[in-house]
Amino acid sequence: MENESLSQRAAELRARIHVANHYYEVVNDPVIPDAEYDRLMRELERMEREHPELLVSDSPTQRVGAPVSKLETISHDVPMLSLANAFADEEVVEFDRRIRELLGVEEVRYSTELKFDGLAISLLYRDGKLVRALTRGDGERGEDVTHTVRTIKSVPLLLMKMSRDRHGRSFSLVPENLEVRGEVCMPHASFYEFNQRALAEGRKTLANPRNAAAGAIRQLDPAEAKKRKLAFFAYGVGQGLENFTLLPSQSDVLVSLQELGFQVAAETGIAIGADGCLDFYRKVGNGRDQLPFDIDGVVYKVDRFDQQRALGFVSRAPRWAIAHKFPAQEEMTVVEAIDVQVGRTGAITPVARLKPVQVAGVVVTNATLHNADQIARLDVRVGDSVIVRRAGDVIPEVLSVLIERRPADTAPYALPSVCPACGSAVVRSEGEVVARCSGGLFCPAQRKQALIHFASRRAMDIEGLGERMVEDLVDFGFAHSVADLYRLSLAQLLDLKQQADARAGATPETVKAGKIASKWAENLIEAIERSRRQSLERLLFALGILQMGEETAKSLARAFGSLDAIRHADPMLLLALPDIGPKVASSITSFFAQPHNQEVIDALLANGVEPQASGVPSAALAARLDLGHLLGAAKALGAPLGRLGDTSIGRIAQARPSLEAVQAAGEHGLTALGVPAEAAAALFVLLAHPHWGPRLRAVDSAMAALREAAPQQAAGGPLAGKTVVLTGAMTAMTRDEAGARLEALGAKVAGSVSKKTSFVVAGEAAGSKLVKAQELGVPVWDEAQLLTFLAEQGG
DNA sequence: CAACCTCGAGTTCA
DNA sequence: CTCGAGGTTG
């Protein structure tokens with residue numbers, strides 16, 4: 001009897017607190033005084049303490065639970081899709097036009113909403129109780145962050161049908177199963193308050209509200225998350241939409257979500273057609289600064305669900321919605337200094353050191369000035385006030401100088417004439433934009449960059465060998481060239497660590513204990529060991545040969561199959577290969593012509609580096625390795641061709657696969673092909689040349705050997721002649737794997753979208769390439785389509 | 001030789 | 001991501 005009235009009282013308290021909390025947090029119109037709220041809370045807490053059997057998980061006292069040990073990754077029942085983006089008004093007009101066309105209607109009604117700059121979260125309710133909160137993750141799988149999301153006061157732990165008059169609290173039916181989607185963000189007030197306190201207490205401040213919110217949500221300890229006072233705004237329903245069958249539109253669902261206790265942005269509304277959307281965009285844009293939280297644009301969704309269903313999806317994004325982003329934010333700041341960086345190739349890059357400034361959500365302190373031309377164009381000087389923006393919302397860029405704010409005593413900036421790292425002359429060759437340090441590997445900066453490049457993920461992929469480590473290795477003389485890496489011993493690494501710690505002036509407490517240090521050193525040795533058997537194409541790329549990127553390295557490695565063949569290859573042969581012209585060929589040749597480089601390669605091989613041959617030569621290679629290209633290459637290298645012109649070369653190449661065949665046929669064998677007698681004679685004079693003759697024959701037989709190894713044709717693969725571009729992240733396989741499988745079917749996998757692209761495979765979070773594909777009308781596949789296709793073809 | 005497609009190189013911040 | 005420039009193609 002008494003127990004029953006106690007539990008009734010507890011239920012009543014919980015309900016009153018839930019309602020009060022809802023009006024305070026969500027409606028922003030408190031129904032009871034703070035003191036009264038606190039009193040109810042205390043009473044409930046006391047009852048729960050004295051009668052633990054009264055405790056239920058959705059009690060308002062239970063927002064902060066125990067810390068978790070790690071974040072679990074869980075699959076979304078319904079994937080969380082991304083939205084297509086629009087930046088210009090025209091794109092919105094086009095979006096509306098397409099929708100009207102597809103639906104065959106005159107006019108479309110849109111739900112207009114804010115695009116929060118926070119992080120997307122899915123909330124799962126069972127029988128009205130919050131049971132799970134997941135981050136968006138990759139859209140397919142997210143992290144379980146229920147423990148931190150529970151601490152957000154505007155996330156209802158329990159759903160109730162909140163009538164909108166402030167006295168009513170009817171507990172009418174709530175859906176059995178409902179997934180609510182929305183955005184968690186940190187309001188400016190919370191952000192400001194948190195940082196004020198952090199400053200006062202000497203703790204680290206948060207960089208921006210977005211990252212602060214993301215960081216808070218991913219905390220293991222919910223108490224930490226609670227301190228950041230986050231907010232949640234609902235904008236849609238995932239699973240459980242069937243609960244709203246009586247509601248025919250998105251805007252109705254938003255109202256209904258509000259009635260269930262969720263906060264929905266007040267700015268949300270309805271617009272008719274593109275004009276209505278653009279009005280909304282401008283209105284929100286103008287009021288953006290007054291909003292209590294950050295947004296990075298607005299979203300338009302076709303309002304009617306029947307129309308949404310009719311429109312469907314394109315490659316993981318709904319066709320019925322688009323995000324209209326605000327332009328990259330621009331800010332003013334001051335150039336405090338202009339430094340230069342020395343790159344791996346010696347490129348001297350000026351960098352503006354800026355007075356820290358918030359631009360589009362992050363604090364920017366550096367901005368590249370690219371090169372001397374750019375500096376001259378802008379006339380940036382130390383002390384100038386400049387406008388900075390984040391290009392493509394990522395990389396900071398100096399847009400312009402505010403001349404009127406320039407201090408009196410400034411001078412135009414000039415690049416240093418000597419390298420700041422080694423003192424060698426800085427040279428800028430004719431017609432080049434970049435200035436380079438001439439010190440080569442004598443320059444410590446270049447040596448460091450060369451090592452960093454060598455170890456980087458896309459090259460030899462030596463984990464644990466990052467910038468800091470390389471710095472120490474070079475400074476303390478443990479590594480002069482990349483080959484030295486393969487001579488490092490455990491003892492040397494520990495010695496290095498000690499010296500580095502000593503230099504850093506580390507106190508004994510901050511120095512890692514001996515055991516940890518040795519574990520670290522073992523790991524590095526292990527990583528270096530693994531890299532010994534890295535593929536040939538990676539090794540070629542890792543060597544840092546100018547103009548030798550991943551693509552060139554790949555095609556060279558596949559064509560030749562061995563490092564030995566490449567390092568001794570005749571430039572004439574290189575020049576005959578596809579995608580290698582005079583610049584690339586001479587860069588490769590001059591790299592291998594330097595005794596020092598050959599020594600390093602010898603040392604690598606002597607220390608157990610065994611590059612693995614990988615892949616087969618491309619079919620394009622075989623088609624290209626003919627007499628015409630051989631003679632073309634010879635001509636480019638200055639061979640005396642005399643009267644042998646391009647037309648004659650073409651004619652000969654058509655009929656004769658090799659020099660051998662030409663010699664067998666003799667001079668009149670050529671004239672019989674319609675080649676002028678002087679041209680045929682010139683070729684034979686060339687072949688008799690003491691230098692060019694043997695060289696041509698040698699390259700000719702090398703070409704024959706490569707041709708031999710190359711596949712005869714893309715033997716009619718199902719994708720022969722198709723060019724495919726991959727973008728975004730795949731879930732079932734990596735992009736590289738997907739590329740390899742497409743290539744196996746005869747496709748050419750390219751890096752950028754153009755008119756010639758046959759189709760684009762767009763994974764999750766696809767960016768500009770997807771946009772470009774849509775612009776050019778290139779077909780787009782999603783990952784599922786690709787997998788189906790591969791399964792069909794792969795057998 | 002001009003237009004076009006690609007690739008290489010450099011860069012920022014959390 | 002963006003710029004510049006190398007290479008290919010019509």
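In what follows, every chain begins at residue 1, and chains take the letters A, B, ... in the order their sequences are listed.
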Item to complete: Determine: side-chain N/O of Thr552(A) to OP1/OP2 of dC7(B), distance under 4.0 Å, yes or no.
Response: no

Worksheet item: Base, sugar-phosphate, or nothing: which does Val434(A) touch, judged by heavy atoms less than 4.0 Å apart?
Response: nothing

Discussion item. What contact category does Ala214(A) fall into here, base, sugar-phosphate, or nothing, at under 4.0 angstrom with non-hydrogen atoms?
Written reply: nothing

Item to complete: From the options dG7(C), dG8(B), dT12(B), select the nucleotide whose nearest atom is closest to the side chain of Thr368(A).
Response: dT12(B)

Worksheet entry | N/O (side chain, Thr349(A)) to phosphate O (OP1/OP2, dT11(B)) under 4.0 Å | yes

Item to complete: Determine, for Arg707(A) against Asp626(A), whether the closest basic-nitrogen to carboxylate-oxygen distance falls under 4.0 angstrom.
Response: no

Discussion item. Rounded to whole Å, how long is the line connecting atom CD1 of Ile588(A) with atom C1' of dG6(C)?
Written reply: 12 Å

Worksheet item: Looking only at side-chain N and O atoms, does Thr365(A) come under 4.0 Å of OP1 or OP2 in dT12(B)?
Response: no

Worksheet item: Roughly how many Å is it from CZ in Arg436(A) to C1' in dA5(C), rounded to a whole number?
Response: 12 Å

Item to complete: Output the single nucleotide from dG8(B), dC13(B), dG7(C) whose closest atom is nearest the side chain of Glu551(A).
Response: dG8(B)

Fill in: Donor + acceptor pair across side chains of Arg353(A), Thr365(A) (<3.5 Å)
no

Fill in: Gap between atoms CD1 and C1', on Ile348(A) and dA9(B) respectively (whole Å)
15 Å

Item to complete: Taking only the side-chain nitrogens and oxygens of Asn366(A), find out if one of them lies under 4.0 Å from OP1 or OP2 of dT11(B).
Response: no

Worksheet item: Of Asp579(A) and Gln341(A), whose closest DNA chain B nucleotide lies nearer the 5' terminus?
Response: Asp579(A)

Worksheet item: Do you see a donor-acceptor pair shorter than 3.5 Å between the side chains of His188(A) and Asp294(A)?
Response: yes

Worksheet item: Please give, in whole Å, the distance from dA5(C) C1' to Gln547(A) CD?
Response: 8 Å

Discussion item. Testing Glu537(A), Glu551(A), Glu550(A) one by one against Arg458(A) for a salt bridge (charged side-chain N to carboxylate O under 4.0 Å, His left out), which residue passes?
Written reply: Glu550(A)

Worksheet item: Nearest to the side chain of Arg344(A), which nucleotide is it out of dT12(B), dG7(C), dG10(B)?
Response: dG10(B)

Response to the item:
Side-chain atoms of Lys583(A) come closest, of dC13(B), dG7(C), dA9(B), to dG7(C)

Worksheet entry | Charged tip of Arg381(A) within 45° of Tyr413(A) ring normal and under 6.0 Å | no

Discussion item. Quick check on dT8(C): is either OP1 or OP2 less than 4.0 Å from any side-chain nitrogen or oxygen of Arg624(A)?
Written reply: yes

